[in-house]
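Side-chain atoms are counted along with the backbone in the values below, which use heavy atoms only and exclude waters and symmetry mates. Throughout, protein chains are lettered first and strands after them, A, B, ... in sequence-line order, and every chain is numbered starting at 1.
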Amino acid sequence: MKAGMPARGLGRRVRPGVGPAVLLAAVAVCAAVPARAVLPAETGATKTVETLASPAPRHWVWVNDVVFPHMADGTAHLVDGDSGRYLGMLSTGASFSHVVPSRDGKLIYSPEIYFSRGTRGTRTDVVTIYDAATLKPVTEVPVPPKRASSLPALGVAGLTDDDRFLMIYNFTPAQSVSVVDTASRQFVGEIETPGCAFALPTGPRSFFAMCADASFLAVELDDSGRAVRQSRTEPMFDGTRDPVYERPVRVADTYYFLSFDGKVHPIRHSAAGFTAVDPWSLASAAERAQGWRPGGVQQIAVHAGSHRLYVLMHRGGRESHKDPGRAIWVYDLGTRRRVQQIALLHPLTSIALSTDDQPLLFGLVAESNVLDVYAPGSGKLLRSIKDVGTTPLLLVTP
Amino acid sequence: MKAGMPARGLGRRVRPGVGPAVLLAAVAVCAAVPARAVLPAETGATKTVETLASPAPRHWVWVNDVVFPHMADGTAHLVDGDSGRYLGMLSTGASFSHVVPSRDGKLIYSPEIYFSRGTRGTRTDVVTIYDAATLKPVTEVPVPPKRASSLPALGVAGLTDDDRFLMIYNFTPAQSVSVVDTASRQFVGEIETPGCAFALPTGPRSFFAMCADASFLAVELDDSGRAVRQSRTEPMFDGTRDPVYERPVRVADTYYFLSFDGKVHPIRHSAAGFTAVDPWSLASAAERAQGWRPGGVQQIAVHAGSHRLYVLMHRGGRESHKDPGRAIWVYDLGTRRRVQQIALLHPLTSIALSTDDQPLLFGLVAESNVLDVYAPGSGKLLRSIKDVGTTPLLLVTP
Amino acid sequence: MKWLDRITEQSTRAIARRSSRRSVLSGIGTLLVGAAALPLLPVARGAEGPGHAQPAGGRAADPGDPAACDYWRHCAIDGFLCSCCGGTQSTCPPGTEMSAITWIGTCHNPGDGKDYVISYNDCCGKTGCGRCFCNRNEGDTPLYQPGRSNDYNWCSGSSHANIPYHCSTARIVGAAE
Amino acid sequence: MKWLDRITEQSTRAIARRSSRRSVLSGIGTLLVGAAALPLLPVARGAEGPGHAQPAGGRAADPGDPAACDYWRHCAIDGFLCSCCGGTQSTCPPGTEMSAITWIGTCHNPGDGKDYVISYNDCCGKTGCGRCFCNRNEGDTPLYQPGRSNDYNWCSGSSHANIPYHCSTARIVGAAE
């Protein structure tokens, strides 16, 4: 490179008036393209709109954006974690939480809110069903205009384990769950869940809600989507002194809840009910004394195949439970041992892993619209994808 | 101050565990406030919402924001230029251009577009009429769903000189003008303006549109708001070699148009028709050779009382006609002489002046959401107001 | 035009509705008291009844800048500060509506050394103000414990303010016990 | 659900409508030809008729990065580049619709030294993409001269794409005369 420098310097001196654009043209013309070549017209092309692979490859991720400064205009963005390519997006209405992809990857369910005059007027709630290949709406299912409007959380909407029923958490502030039959594409009914929030699935015909006193409300559905049994557990954790975050992760029959102070509460469900397994601490006493604790919006992620739990950690006081993570601590769910610490180049508010055997670790950079992609094995930042939405907060991996 | 430093240093050493919050509390308690003082409850207060002076003081300004990344959610923001205080805002729907305050200051007309599903579905166009004191909608007038969606321009909507009719420019791409009667608050009808854009008022019952061949289409209305006469002028300027910007300013019977190359075209209107007064150049031949030309979105502003024209100027090539101004050049409209040059601390895309005798000069800082307020006399930047909208582009002074 | 009628109708009916809404709230309140030992008014309320409040006193008794995130009343706030949006710490900007229900926090007033219960009534009906975003989380609870959760959009309750979020106030409910 | 029916209906009727839309356009076109000496196709058109186009050739003949603002075809563009939004310089991102009418520019291709007429068909029906904003104004005309004005939202025409703006493509119409 050094040998070339004098010549380049000389070149600049002898062609003082030639700007970069002209130089580029000269180089291109010299690059053996005949001057008579004419590019063909494209305006008659039959293909005018892209379509996507369906089902989505496992390394794609949905970045859900509530768009805090313009909440009437929520969005969900699809990004390929391998290439960093932005693949497309959905416009998803007011106070958006997140999309719910079907397990077969063919459809995307999106609970959406609209007002007849943008930010005023008559409110209409629908579940829009999109084709995953075309990202076009297939149909929409009207539901009661009651969906909870809150900081996004996966418990706000979810499918039963066989994808038959979509459940939507309502807060008006009376609490209930709306049920949509995905087979008939109809609203089935509303299940009252007084004092309890969310709809977290536990099987093909069951879910539970988290109650303010730290108990769970278990609900069983029949094949028409109506509640046939409801039961309330004892408190599953200490909701006063150390409440758990409202964004648990699930592996098969166990939900892993994370407490503000950094305890993991595994809670197993079965036909017989819920069993709280002994909680365990993320941090040692010494680390807790240094202020290490979890934080963020989507604070934990799980990779079921390797049975590993990923937690966003930072140092701060009790009221810092929403502060972004400066590191990811990784645990083996079987041994409950920390097996890895990933240093983060940028602080993250939300993390998720792809569900395949060679997973990617996705993270949303705090106070930005940047998606970071890490290799979870090496802990290496693979790429940062800029300009993904406005205020993205929640990741959904298909 | 220096004398106090050792003591403060000592104080820190002897109270090592006391944080800033506690110190602040101690200072406040010492400041003669009895510890038993209890602030009264505010939750029972009858006043829960602010209202505004109406008509608006002349130093207030409407900052109109198309919100380019979330165009479904347009906004208009009201700011007090004297104090820099943000006074309130309106949510104004999709592809918003600007508000049109009534001359008596009591009402604000806002042409708004809504879709039944935010960014898709059935389109509805209305003129929402707001109370200027409460910023609440008084009523809305449905109009054909045809309003031009474009970079904001004042010609997209305006009132006749007696405020009786509001005119809205339609582009579908067929061109027409919708007329709303502000007395009956009804849509009156649509006037075809083939090949011509905008509705620029010339009297209580007349307006004109600017045609692609640089001619004007003059339209006269009857008292019901219907077109009773239309006539087409000869080209009023050279629309091919040096077209004028689509954002003229008006003083009484004269519209001042500005050409891309920096010529001012005064065009006078009367019952007899339009008269093109000799154009004149903003810049000297030497200045033009240096590349000085106008640029921006709202490139010119006028202060009728002092008969002065303000123009955003920068240096660049022909294709830089939208580039922000680095200076404001000020002209006496009578002598056509430049009387002042205002250096700009921040490049501006849009300018407007208040209409009183002690005017303020408002400017929108390029690629930002900052409103700058200058004293036009001294050319001094009085204040910069941050976080006014998302992508504000057009200023309206009441 | 229907929506305009609807808003007017709802405003005039709001008083009539309050009794039933109150019973919904007390249902939640009971749970909350059990869960988090909240004061008797677990979900603080906005505009209602004849005013009995006076201005919040002078600077010394109520120190700090209501347009700053570190103002003492903001200890559990999450949103745009109404003081920057055309309102104040206790009033909504023009053209918005104050939510009748809300979340609360307990904040320490350095002006008189006392703790106060603060009601963060949201102002509703326009798009987000976009100015002075502030998130502080002293005593903030998860979404399944609503009364002290700053993560709900409190404009979205079934009241006449069932509309989008604009900004948040920080109104004094009373001294904490 | 009505709006879904409407979109489907409009798509199937689009061909039938084209003749009348074309006459509207030729009306504008006549004016434009008089005003600015545009080529015979003053308002370029998007998807229609059987495809006769092939890919735009290799890098040498079509040099530059379609996701970069300085790509040669972008000389008169104003908007978000579809190449950054899930589309390409000639196709729309999934789930959007290409506007049938648009504005044009004339850009110099450094790859073959020729000037081309470029049609900046907007992609419509979702909110703004928000990526790779690019504004270049070679030959851009004011709004009262629509055919070469990049300041219109060309999604807003009366076609079936009468819907919000998402991003802009830069499609080759042909070599300029």
What is the distance from atom [atom1] of [X] to atom [atom2] of [Y], rounded to the nearest 0.5 Å?
X      : Y      : atom1 : atom2 : result
D:E138 : B:R318 : CD    : CZ    : 12.5 Å
D:N135 : B:D323 : CG    : CG    : 8.5 Å
D:Y144 : B:F171 : OH    : CZ    : 14.5 Å
B:R117 : D:I163 : CZ    : CD1   : 14.5 Å
B:F260 : D:T141 : CZ    : OG1   : 7.0 Å
D:L143 : B:S150 : CG    : OG    : 4.5 Å

Nearest atoms (heavy-atom pairs only) where B:Q175 meets D:Y152: NE2-OH, 4.4 Å

Heavy atoms only: give me the nearest B:K322-D:D78 pair and the separation to one decimal. NZ-OD2, 4.2 Å

With no hydrogens and no angle check, do the side chains of D:N137 and B:H321 hold a donor and an acceptor under 3.5 Å apart? no

Mind ranking [options] by heavy-atom pairs under 4.5 Å with chain D and telling me who comes out on top?
options                        : result
B:Y169, B:F198, B:F68          : B:F68
B:P243, B:P152, B:S320         : B:P243
B:T119, B:V244, B:D238         : B:T119
B:G118, B:S149, B:A197, B:G155 : B:S149

Within 6.0 Å of CZ in B:R326, more than 12 heavy atoms from elsewhere: no

Sort out for me which of D:G130, D:P142, D:G79 touches chain B most, counting heavy-atom pairs under 4.5 Å. D:P142

Select one option (side chain, backbone, both, neither) describing which atoms of B:A209 are under 4.5 Å from chain D's heavy atoms. neither

Residue part contacting chain D, namely of B:P145, when any heavy atom lies under 4.5 Å: backbone

